[in-house]
Every structure is written in C-alpha cells, then in structure tokens.
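As structure tokens, the structure follows; a few thoughts come after it.
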There are 2 protein chains.
Amino acid sequence: MKTKAEPRDKCEGSDMDEARVRGAQERLIDGLTATRLAQTFKALSDPTRVRIISALSHDELCVHELAACLGMSQSAISHQLRTLREMRLVRFRKEGRHVYYALDDEHIHDLFNQGLEHVEHD
Amino acid sequence: MKTKAEPRDKCEGSDMDEARVRGAQERLIDGLTATRLAQTFKALSDPTRVRIISALSHDELCVHELAACLGMSQSAISHQLRTLREMRLVRFRKEGRHVYYALDDEHIHDLFNQGLEHVEHD
DNA sequence: GTAATATATGAATAACTGTTCATACAATCA
DNA sequence: TGATTGTATGAACAGTTATTCATATATTAC
C-alpha cells in the first residue's frame, strides 16, 4: 500500500511515511487506557511512595510503623497511602485501632522490581 | 530478638513491633535509589508519554510522525521526548533533517507491558 | 545567498503535587 | 464518662508539570 519507493525522507503532510504512521496508530493504546496506565505509574513516581512499597515488600506494616521506618510524619505517610490505595497498589486490613497495609498482589512486586532492575542496570 | 509475646498491638514509641520495623528498614531501598526509581516511573506517569511509548513499541518514528499519530503539536511531542530522553526510555538517531526515536531497549517494553497487564487485569 | 522543512527550547500560564499543621474520626482503656 | 492512641483528611503553601506560543537551530533544496 506504500506509494513511495523511498522509505523515509519527508514528514510533511501526506508525504510522510503513512504506512508506518498508520501501523503505529493501530497499535496505539486508547486514551482511557493511556490515562489509567499513566496513573498506575504515577502512583510509583514519588520517592516516598517507592520507599513505602519497598518497606512493604516483605511484610505488612501499620501506618505508625511505616512512619517510623521512613522517618516521616504519620500525616505524610497517610496521605501517600491514600494515593497508593486509590491506585490499588496496596490493600489494607483493620485490626483494632491499627490499619495494616500490604502490597496489593505479586504484580506490584514485579512492577517494582522491573523498575529497580532498569535503574540498577543503568 | 522479639521481646513481646503478643505479635502486634501497639505502635506507639518502643512498644511497636520493633523487629518487624527493623526488618523492613533493612530491606528499605536507600534514598538515592528511591529517587532514581521514582524518576523512572515518573517518565511513564503522563498519558502523552505513555502513548508515545506505545506508538514506538513496534517501530521507530520521527517527531512529526509521532505528532500526527497522537494528534498533538510538534512542540508538545518534542518537549515530552526530551523527558523520555533524559530518563533514557528512548534513544534517537538523526537522519538528515529528521530525528527518529525508538524505545531504548527491551527493558522499557517489558516495563510498559507489565504496567499494562496490571491495568487490564484490574 | 533565500526559502522551506524538521526539530528543539525558553517563557508564560494553568493545573497539579507533596508536605505541614490543625483537627476530626475511630477504637481502646481507665 | 473522659483520656489516650492510631489513622484520616481539609486547608494552605511552595514546588513542579504539561501545554501553547514564539522563536531559534539545523538541514536540505533552489
């Protein structure tokens, strides 16, 4: 369906490689998926939240323990946990006055480690 | 090393489960790693950038093609490509007047797909 | 040289984010 | 009941971000 023999020389108007653009467009994720995906990554885009995920990677912890662990205020941690909760990266269970947080599933652990590999492997 | 028989009842001061907190603290990634990791995820935390990654997932594209593909201005795309470049999520090669962008490596593809799985699997 | 094309970038602006502070809610204990 | 402890949340503030617009740089064609 390509009308030009020359593979790629012009981007302007109808002279750009339309086949390649159409191919990319067909694979392109839709706007809603892009937004959801971006939100998931956004939940992991803050050092404090990444450290929370890291702290929860082995065992659940309650809010106060997380605050002590990270050396931050209970309020700051609680606000960030809300973000992580809303993005379904963590789940929680209540036990008396405490609320114990844990990673939502193994998927989160994988995502975290995949990112870590990229960072450590430079 | 645990001094309390009761597993978890108090979070206040020295009465919280210190063993669990220490354990979490030992596993906790350091501040620099947390910042770098957060930056990597942040590069993927915008719908436009996610769509760019998606568009590049099969073949390289030049800036103008990306703009056409996403229906956005050249300037907006160029600004976002800069972010992706700085985070080493994309690489580029110059060919004449054109600059062709591609995913930096398979790692990026994996990271993208891992996130996509999480989103689609609800 | 001039014109056209492809890309990059600084400034400006509106929208968003993370923390602190104060306070509210909830559960336990005296 | 009132006091204490654990957690959540609204407001405010400083800092950041994504887009647009105008413009600069760079390469090619004439």
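Every chain is numbered from 1 and lettered A, B, ... according to where its sequence line falls, protein lines coming before strand lines. Worth saying up front: this structure is predicted, and the values here are computed from it rather than measured.
- Contacts with DNA chain D (heavy atom under 4.0 Å) in residues 77-87 of chain B: B/His79, B/Gln80, listed by number.
- For A/His109, the side chain to side chain donor-acceptor pair (under 3.5 Å) criterion is met by A/Asn113, not counting sequence neighbours.
- Residue contacts for A/Tyr101: at a heavy-atom cut-off of 4.0 Å it reaches the sugar-phosphate backbone alone, with no base atom in range.
- Partners of B/Phe41 under the ring-ring contact (aromatic ring centres under 6.0 Å, His included) rule, at least two apart in sequence or in another chain, do not exist in this structure.
- When atom types are taken as modelled, the side chain of A/Thr35 and the backbone of A/Gly31 share a donor-acceptor pair closer than 3.5 angstrom.
- Atom pair B/Leu66:CG and D/dT19:P shows a separation of 13 Å (rounding to whole Å applied).
- As rounded to whole Å, 13 Å separates atom C1' of C/dG18 from atom NZ of A/Lys42.
- As a whole-Å value, the separation of A/Lys94 NZ from C/dC25 P is 14 Å.
- No side-chain donor-acceptor contact under 3.5 Å links B/Ser45 to the backbone of A/Ser45.
- Panel note: side chain A/Arg20, backbone B/Glu60; a donor-acceptor pair is recorded below 3.5 Å.
- Remark: P of D/dT17 and CD of A/Gln39 are 17 Å apart, rounded to the nearest angstrom.
- The nucleotide whose nearest atom lies closest to any side-chain atom of A/Met72 is, among C/dT19, C/dT7, C/dA4, C/dT19.
- Applying the ring-ring contact (aromatic ring centres under 6.0 Å, His included) test to B/Phe92 and every residue at least two apart in sequence or in another chain returns B/Tyr101.
- The nearest whole Å value for the distance from the CD atom in A/Glu95 to the C1' atom in C/dA27 is 13 Å.
- The CZ atom of A/Phe92 sits 11 Å away from the C1' atom of D/dA8 (whole-angstrom rounding).
- For DNA chain D, the residues of residues 45-55 of chain B within the heavy-atom distance limit of 4.0 Å (strictly under) are B/Asp46, B/Thr48, B/Arg49, sorted by number.
- Considering only the side chain of A/Arg97, D/dT4 comes nearest among C/dT7, D/dA8, D/dT4.
- Atom CD of B/Gln74 and atom C1' of D/dA26 are 13 Å apart (whole Å).
- Between the A/Arg93 side chain and the A/Tyr100 main chain, no donor and acceptor come within less than 3.5 Å of each other.
- Atom OH in B/Tyr100 sits about 16 Å away from atom P in D/dT27, given to the nearest Å.
- The backbone N or O of B/Ser75 sits nowhere less than 3.5 Å from a side-chain atom of B/Ser78 that would complete a donor-acceptor pair.
- In this structure, the side chain to side chain donor-acceptor pair (under 3.5 Å) partners of A/Thr33, at least two apart in sequence or on a different chain, are A/Asp30.
- In this model, a side-chain donor or acceptor of B/Ser75 finds a partner on the base of D/dC21 within 3.5 Å.
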